[in-house]
Amino acid sequence: MSSFDDSDAFEAASAASLSARAMAARPMPHLDGLNPAQREAVEQMEGPVLMLAGAGTGKTKALTARIAHLLATGTARPNEVLAVTFTNKAAREMKNRIGALMGQAVEGMPWLGTFHAICVKLLRRHAELVDLKSNFTILDTDDQVRLMKQLINAAGIDEKRWPARQLAGIIDGWKNRALTPDKVPAADAGAFNRRGPELYAQYQARLIELNAVDFGDLLLHVIRIFQENEDLLAQYQRWFRYILVDEYQDTNVAQYLWLRLLAQGHSNICCVGDDDQSIYGWRGAEVGNILRFEKDFPGAKVVRLEQNYRSTGHILAAASGVIEANKGRLGKTLWTEGEDGEKVRLIGHWDGEEEARWIGEEIEAMGQGTRGMDPIGPNDIAILVRASHQMRAFEDRFLTIGLPYRVIGGPRFYERMEIRDAMAYFRVVVSPEDDLAFERIVNTPKRGLGDKAQATIQRMARSNGVSLLEGARLAVEAKALSGKGLKELARLVDQVHHWRALMQGGLRQVGPMDDLIEEDRPAADALSHIELAEVILDESGYTAMWQNDKTPEAPGRLENLKELVKALESFENLQGFLEHVSLIMDNEQDDNEPKVTLMTLHAAKGLEFPAVFLPGWEDGLFPSQRSMDETGLKGLEEERRLAYVGITRAEEVCTISFAGNRRVYGQWQSQLPSRFIDELPQAHVEILTPPGLHGHQGGMAASASPVSGMMRGSDLQEKAARADVYNSPGWKRLQQNQGRFGMRQPSEAKNVTIDAEAVSAFTVGDRVFHQKFGYGEVISVEGDKLGIAFDKAGEKHVVGRFVVAADSAGDVPF
DNA sequence: CAATGACTTATTTTT
DNA sequence: TAAGTCATTG
């Protein structure tokens with residue numbers, strides 16, 4: 001947890017009066033360099049404020065300046081400001097920036113943190129009000145799922161048909177909407193084979209038994225505490241005199257309720273966000289919260305930050321053009337005093353590999369500096385994809401050409417198996433009643449304690465109403481297991497006890513284990529928690545398990561374990577470490593070598609790069625078909641916001657691309673350019689045609705790059721394919737229709753692709769040739785899509801521009 | 001208990 | 001396609 005502690009401050013609280021803290025007549029450097037809108041948002045300290053901050057408009061600057069202002073004017077003391085963020089990263093950055101503004105003069109702000117971290121703090125103080133003990137453990141998704149699995153099996157439900165993951169998702173959804181088991185609406189009663197609500201109730205009961213909470217509970221328990229204890233709520237309302245919320249568009253119902261409870265009364269709440277960047281609806285975020293702000297908080301002052309300091313004029317205009325197609329926006333107009341810069345670049349490719357190859361070459365060219373532009377190095381370049389599987393093509397390509405890259409996202413350090421195993425050991429030692437942790441380690445490494453042995457332990461524990469560890473001890477005592485298992489289990493139980501003794505060192509407190517296990521070993525003197533961790537991993541045989549493992553990933557896992565132990569250094573004890581880890585799952589690595597960044601659009605929110613590539617702009621992929629199927633227009637609009645987020649990450653160069661063919665689940669599919677491409681305002685877009693096309697063999701694209709020599713054997717075929725796509729009617733149409741891109745009405749622009757019928761070069765009965773599927777006969781024509789019965793590949797639907805008349809196929813040189 | 005093969009499924013992710 | 005899960009084998 002944070003190093004700041006305020007526990008005394010709270011009680012000493014409200015006595016200090018505001019008037020006593022007169023406005024300080026000192027200079028206020030934090031106001032320097034704010035534009036008028038930012039300044040307004042900073043100086044309007046009383047009452048509700050909605051700061052609508054477009055991409056790159058200096059939101060964090062204004063937010064931190066506002067906090068600095070509250071403090072510098074003596075309006076609030078550091079511990080009276082409640083400032084909530086979503087990520088630890090954002091919280092950290094705010095802390096740093098406030099520190100810089102105030103010149104270290106301010107001691108820490110105890111209530112600046114994520115929703116979850118702040119809730120943990122509150123919940124530890126008042127745990128007993130919701131039948132928890134203040135040392136409750138926080139379960140992560142994995143623990144949740146395992147627990148639910150047990151409940152599902154116990155309920156006699158076929159876990160095949162009704163997977164625990166799904167139930168976890170459903171319950172998570174309810175918690176996002178602040179629905180406790182008794183409040184699940186009738187409309188949702190059918191969830192999970194009609195057993196959802198019942199299992200939800202069981203799950204909650206089980207969590208209380210385990211003295212555990214999941215992430216959703218952190219919010220919900222605190223809400224319940226506030227609702228059921230008026231005095232306490234009133235106390236906190238008085239205490240948190242000024243509330244600030246970052247990324248308000250990402251709040252869910254529970255977070256909204258939580259904020260509303262605390263802001264009641266003074267209404268000094270400042271929410272910062274951008275409805276156009278709401279991209280987390282699928283995990284419970286409610287754009288409605290930000291759209292409704294003025295209704296929720298009457299008299300709210302709305303401040304728009306519209307001056308953009310990040311991107312060039314063309315990039316901003318392109319992004320604005322796209323987002324305009326969304327309905328029900330609060331509306332902002334981004335502008336810049338900067339240069340127009342280069343237009344947003346648009347380019348089509350034959351397939352995904354070609355796209356990756358071109359981007360690789362383009363990045364190399366950027367490193368040299370192209371068209372009079374300053375060189376842009378790998379560190380300043382990002383590739384933003386819709387779904388992580390798209391990264392693969394780039395990784396493959398970059399590996400072959402030796403372009404250094406880094407992938408952001410993916411499985412985090414603390415989610416890796418070996419880390420979770422190690423931490424389960426720590427958990428059992430720190431809290432012997434942590435059954436989930438015990439289950440995880442009881443047979444890891446293998447101790448010959450299989451299902452049968454574990455069932456025995458379960459039985460022992462349940463019938464005596466004790467934890468699994470204690471149940472295990474009883475099982476040993478009763479000799480309920482056979483030879484080897486018995487010996488191993490006895491050893492494990494003994495070891496846990498031993499580790500606990502080491503942890504408690506000379507100052508042994510009376511803990512649950514002390515009554516239960518006879519101690520014949522003298523307690524060692526204060527062993528550092530780092531040494532203790534090493535001892536645990538060593539004596540348990542866990543390290544040895546990986547040392548003996550011959551799989552290629554074993555060394556990496558041992559490396560990770562070392563890193564884990566190293567990470568312990570910044571904590572005072574194991575408890576503190578576990579607390580930290582359960583809330584903070586990030587793992588930023590130091591990295592000196594310049595690398596291109598590969599990440600999803602979601603992960604890119606809040607970041608910026610001089611050059612950004614946005615590949616895969618194809619209908620179905622982006623916007624994602626699934627998103628549209630599941631939530632219709634709502635989903636499409638969220639996808640469009642994602643497009644907006646993507647474009648606005650770029651400072652100087654933004655390159656959008658699409659491929660005509662892509663392999664989807666192993667099947668080749670022809671792809672339509674994304675409808676978002678039609679929405680790009682033409683005046684701000686330049687259509688790129690890579691050199692080396694139209695049959696100019698050995699074109700510059702290939703030879704200009706030092707990489708070309710490494711092109712695969714299918715070089716010729718590739719060039720043919722490229723020539724094909726740019727000669728195709730579809731591509732020509734795209735170029736001809738450039739002029740229509742700028743249409744104010746997106747619907748009109750959309751006709752571009754819809755009225756393709758007139759352009760379609762084929763009719764039923766034509767013999768055609770397709771690059772991947774070979775020869776075939778057209779059996780249907782629907783707009784731009786052709787139904788084709790291929791001689792070899794069967795019936796397919798293909799976009800017209802990717803086939804050529806069969807008689808002209810001879811022109812293709814292979 | 002490990003290895004093998006059938007089978008299935010296929011965004012976005014933080015805490 | 002390809003990664004992951006699951007059940008069956010040896």
Side-chain angles (χ1 to χ4, degrees), chain A residues 84-91 113-120 123 138-144 149 158-161 163-166 169 172 175-176 213-220 246-247 250-252 254-255 278-285 352 384-393 396 408-412 414-415 443-453 484 549-551 579-587 599-606 616 620-631 635 638-639 641-643 645-646 662-669:
Chain A
V84 237
T85 64
F86 273 86
T87 64
N88 294 295
K89 195 175 157 204
T114 64
F115 277 102
H116 296 270
I118 289 168
C119 283
V120 171
L123 195 53
I138 303 163
L139 303 190
D140 60 29
T141 324
D142 235 59
D143 295 325
Q144 280 182 61
K149 220 173 235 171
D158 179 13
E159 215 234 301
K160 297 279 125 57
R161 264 176 71 80
R165 287 225 155 270
Q166 192 191 334
D172 246 25
K175 290 190 174 179
N176 284 335
V213 300
D214 63 21
F215 287 120
D217 285 342
L218 291 173
L219 265 294
L220 291 197
D246 194 16
E247 306 280 18
D250 289 340
T251 51
N252 61 30
Q255 287 153 344
S278 163
I279 55 175
Y280 285 109
W282 51 273
R283 64 174 199 212
L384 311 181
V385 296
R386 173 63 243 265
S388 47
H389 67 252
Q390 291 173 258
M391 293 183 199
R392 198 193 169 125
D396 284 353
I408 306 286
R412 262 161 275 278
Y414 290 114
E415 283 166 7
N443 201 29
T444 309
K446 297 278 185 280
R447 296 190 173 87
L449 298 166
D451 292 350
K452 208 188 60 185
K484 188 188 171 228
D549 190 304
K550 285 172 190 60
T551 57
E579 172 88 330
H580 170 86
V581 167
S582 59
L583 287 173
I584 301 181
M585 290 296 217
D586 55 7
N587 168 46
M599 65 180 142
T600 63
L601 287 161
H602 283 92
K605 193 169 76 151
L621 183 58
F622 186 50
S624 131
Q625 190 57 51
R626 183 152 172 192
S627 181
M628 293 187 293
D629 288 347
E630 278 171 12
T631 43
E638 185 155 308
E639 297 285 306
R641 292 193 288 266
L642 213 39
V645 167
R662 201 174 282 276
R663 206 158 39 178
V664 181
Y665 306 143
Q667 289 283 104
W668 279 100
Q669 274 195 351

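Not measured: the values here are computed from a predicted model. We name chains A, B, ... by the order of the sequence lines, and we start the count at 1 in each one.
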TODO: For B/dT12 versus C/dT5, give the span between their P atoms, rounded off to a whole number of Å.
DONE: 16 Å
Task: P spacing across the pair B/dT11 / C/dG4, given as an integer number of angstrom - done: 12 Å
side-chain N/O [X] vs [N] OP1/OP2, d < 4.0 Å:
| X | N | value |
| --- | --- | --- |
| A/Arg165 | B/dT9 | no |
| A/Asn443 | B/dC1 | yes |
| A/Lys160 | B/dT8 | no |
| A/Thr141 | B/dT15 | no |
| A/Ser624 | B/dT12 | no |

Open item on the list: Is it the case that the side chain of A/Asp250 and the backbone of A/Ala285 share a donor-acceptor pair, with hydrogens and angles ignored and the cut-off at 3.5 Å?
Closed with: no
Report the nucleotide, chosen from [options], that has the shortest atom-to-atom distance to any side-chain atom of [X].
| X | options | answer |
| --- | --- | --- |
| A/Arg392 | B/dA10, C/dA3, B/dT15 | C/dA3 |
| A/Arg283 | B/dT13, B/dT15, B/dT11 | B/dT13 |
| A/Asn88 | B/dA10, B/dT13, B/dT15 | B/dT15 |
| A/Phe215 | B/dT12, B/dT15, B/dA10 | B/dT15 |
| A/Thr87 | B/dT12, B/dA10, B/dT14 | B/dT14 |
| A/Lys446 | B/dA2, C/dA2, B/dT14 | B/dA2 |

How long is the line joining [atom1] of [X] and [atom2] of [N], in whole Å?
| X | N | atom1 | atom2 | answer |
| --- | --- | --- | --- | --- |
| A/Arg161 | C/dC6 | CZ | C1' | 17 Å |
| A/His389 | B/dT12 | NE2 | P | 8 Å |
| A/Met391 | B/dT11 | CE | C1' | 11 Å |

Task: Given A/Val213, A/Leu218, A/Leu219, A/Asp217, the one that forms side chain to side chain contact (heavy atoms under 4.5 Å, CB included) with A/Phe215 - done: A/Leu218
Open item on the list: Under 4.0 Å, counting only non-hydrogen atoms across every strand here, what does A/Tyr665 touch: a base, just sugar-phosphate, or nothing?
Closed with: base
TODO: Output, in order, the C-alpha distance, side-chain angles, deciding distance and verdict of side-chain contact (heavy atoms from CB on, under 4.5 Å) for A/Thr600 and A/Arg386.
DONE: CA-CA 6 Å; A/Thr600 63; A/Arg386 173 63 243 265; over 6 Å; no
TODO: Apply the test side-chain contact (heavy atoms from CB on, under 4.5 Å) to residues A/Lys175 and A/Asp214: give CA-CA distance (whole Å), side-chain angles for both, the deciding distance (0.1 Å), then the verdict.
DONE: CA-CA 10 Å; A/Lys175 290 190 174 179; A/Asp214 63 21; 2.6 Å; yes
- [ ] Supply the atom-to-atom distance A/Arg165 CZ to A/Thr141 OG1, rounded to the nearest 0.5 angstrom.
- [x] 7.0 Å
